Engineer: 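Would you mind keeping the following structure in view while I ask a few things?
Quantities reported herein were computed from a predicted structural model and do not represent experimental measurements. When a ligand or atom number is given, it counts from 1 through the structure's own listing order.
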Amino acid sequence: MSFNLRKKRAAAAARAAGVDALLVAHLPDVRWLCGFTGSSAVLVLPSSSLKASRPTARAVLFTDGRYIAQAQAEAVGTRVVIATKSPLAEACEWIASQRVRRCGFDAEQTTVAALDAMRKALPAKRRRSLFVALGPLVARLRQIKDADEIAKMRAAAALGCRLFERILAFMQPGMPESAVAAQLEHTARLAGADGMSFDTIVASGPRSALPHGRATSARLPRRGFVTLDFGVLLDGYCSDMTRTVHMGRATAQERVAYDAVLDAQQAGIAAVRAGAIVGNVDEAARSVLRRAGLDQWFTHSTGHGVGLEIHEDPRLAAKRMERLETGMIVTIEPGVYMPGSFGVRIEDTVLVTRTGCDILTSSPKAWIEL
Ligand code: ZN
Ligand code: ZN
C-alpha cells in the first residue's frame, strides 16, 4: 500500500471520528503514514473535509534541523517543515492558522505534558475546543499489514530463525547468558538487522521461571532449561520468537511441562483464523494447560500483535472480544513458570489468513537437548 493510500485511509478514519485534522506524534504512526524514520516528528494530516484544492489538504511533516535531508528523502509526497522551536509547538501553531475547527490526537500516546504544550501553542481562545482526544486511529489501521509489510515481516522472522539455529551451536554450560545474547545480537547486526526489537531474553536454569528474564551474568547450567526470546529489527519491522531448549538430560517433570506448553502453543495456532475472537484463541491455549494442571503457572496472555512495534494490538488475552482479521500478524506464546524451579515458553509469529494462519517463525519446536 502506498503512503498516499495509508494517509487517505487515516484521513477517512479521522473524518469518521468527526475531526478535520489529525495530529500524529507517535513515531511508528508517522513512519507508517509517510515513511519518515527520524526520531523527531509530528505529522499533521488534514481529513478531506478541507477541500483537496486547498493547500491544507496535504499532510505536513514537522521535524527539526537534524533531519532536513532525511525528511525530504524519506517523506516523499509529504510537505516538510523544519521547525525552529519544537516540531510539536510549530505543528500546533500551524493547525491554528488553518481552517481547522477540531483536530484529533491519540490520547493513548499523548502525555499530559505534551497536551499542555499543544494547548499553550494555540491562541488563548482556541485552547479549550481545538484538540479532541481520540483513540489510536492510526495504530488500528496498522494492525492489518499490507503486502509490503508482510514481506518485511517474513524477512525479519526468517532472520530470527537463522539466528536461533546458529546460536544453538554456540551455547555451552558455564557460559554467561550475556555471552549468548551478545553473540546473537552481533550475528544479527552482521546479517543486516538494524538492531534488536527488544532486550534479548536469555533465561537459564531457575531463571527460566522469569517470563522476562533479560540476559544476565548467570551461567548456563549443566542441566536445565534455557529460554531464548528475541527479535530483530529489519527494515523497521520487528520479529519475535521464543524457543526453550534443554541443557543436558531433563527430569520427567521438565519433559511433561515442555510437552504441555508445546501442545498449548499448537492449540493456540490451530485456533487462529480470520474472524476468530482473540479471547477464544487465548482460551484454546490456556485450556490445554488447564487440563495438564499447569494453567496456574501460565501468568500472562497468549499473544500480541507485532509490526513496526514489538507489542501492538490486538492483545490475545482472556475474555477479550476483538476479532482477528486477514493480514494481522500476531504471536502465540504460552508458557509455564514454576518459581524457583524452571520455566518453558514457546512463541511463534503468525500471519492471520482467511482459513487459518501462516507461521512466519518456522524454526523447529520439538524438544532440543544440547
Ligand atoms: Zn517474544
Ligand atoms: Zn512476544
Side-chain angles (χ1 to χ4, degrees), residues 28 139 142-143 145 149 152-154 156-165 167-168 177 180-181 184-185 188 193 195-204 207-216 225-234 236-245 258 261-262 264-269 271-272 278 281-282 284-286 289 298-318 320 322 324 328-337 343-352 357-365 368:
R142 282 173 41 214
Q143 287 184 36
K145 272 64 183 177
E149 294 182 292
K152 287 176 176 166
M153 297 273 310
R154 268 187 207 286
L159 174 55
C161 291
R162 288 203 300 280
L163 295 173
F164 170 68
E165 281 146 41
I167 201 69
L168 293 178
E177 294 168 348
V180 177
L184 195 123
E185 294 176 3
M196 306 308 284
S197 52
F198 57 93
D199 283 346
T200 299
I201 291 173
V202 181
S204 67
R207 294 193 73 254
S208 60
L210 306 173
H212 266 219
R214 282 183 202 151
T216 65
F225 282 121
V226 181
T227 297
L228 300 162
D229 184 355
F230 64 94
V232 297
L233 263 176
L234 190 63
Y237 284 81
C238 300
S239 78
D240 189 9
M241 69 184 283
T242 307
R243 291 293 184 269
T244 301
V245 301
Y258 188 90
V261 171
L262 182 54
Q265 206 260 354
Q266 282 166 335
I269 285 179
V272 172
V278 292
V281 176
D282 179 88
R286 202 168 295 278
L289 293 172
F298 176 23
T299 47
H300 53 76
S301 54
T302 290
H304 55 86
V306 48
L308 286 169
E309 292 179 277
I310 185 62
H311 292 124
E312 299 184 353
D313 283 337
R315 310 277 156 161
L316 280 63
R320 293 279 295 244
E322 296 94 325
L324 294 176
M328 285 182 173
I329 294 184
V330 299
T331 68
I332 302 292
E333 51 177 308
V336 298
Y337 311 93
V344 177
R345 176 169 64 257
I346 302 170
E347 173 182 32
D348 281 319
T349 298
V350 307
L351 166 67
V352 179
C357 69
D358 193 353
I359 300 176
L360 306 186
T361 44
S362 57
S363 288
K365 292 181 280 195
I368 295 177

Engineer: For the Zn ion (ligand 2), which protein N/O/S atoms fall under 2.8 Å? Skip waters.
Structural biologist: Asp240 OD2, His304 NE2, Glu333 OE2, Glu347 OE2
Engineer: Might you work through the side chain to side chain donor-acceptor pair (under 3.5 Å) test for Glu177 and Ser204, ending with a clear yes or no?
Structural biologist: CA-CA 7 Å; Glu177 294 168 348; Ser204 67; 2.7 Å; yes
Engineer: Is there a side chain to side chain donor-acceptor pair (under 3.5 Å) between Asp240 and Thr331 once you walk through the steps?
Structural biologist: CA-CA 8 Å; Asp240 189 9; Thr331 68; 4.8 Å; no
Engineer: Going by the rule side-chain hydrogen bond (donor to acceptor under 3.5 Å, both in side chains), which residues pair with Tyr237 if we only count those two or more places apart in sequence or in a different chain?
Structural biologist: Glu149
Engineer: Between Val344 and Phe225, is there a side-chain heavy-atom distance shorter than 4.5 Å?
Structural biologist: yes
Engineer: For the residue pair Tyr337 and His300, does the interplanar ring angle fall in the parallel (under 30°), tilted (30 to 60°) or perpendicular (over 60°) class?
Structural biologist: tilted
Engineer: List the steps and the verdict of salt bridge (charged side-chain N to carboxylate O under 4.0 Å, His left out) for Arg214 and Asp229.
Structural biologist: CA-CA 9 Å; Arg214 282 183 202 151; Asp229 184 355; over 6 Å; no
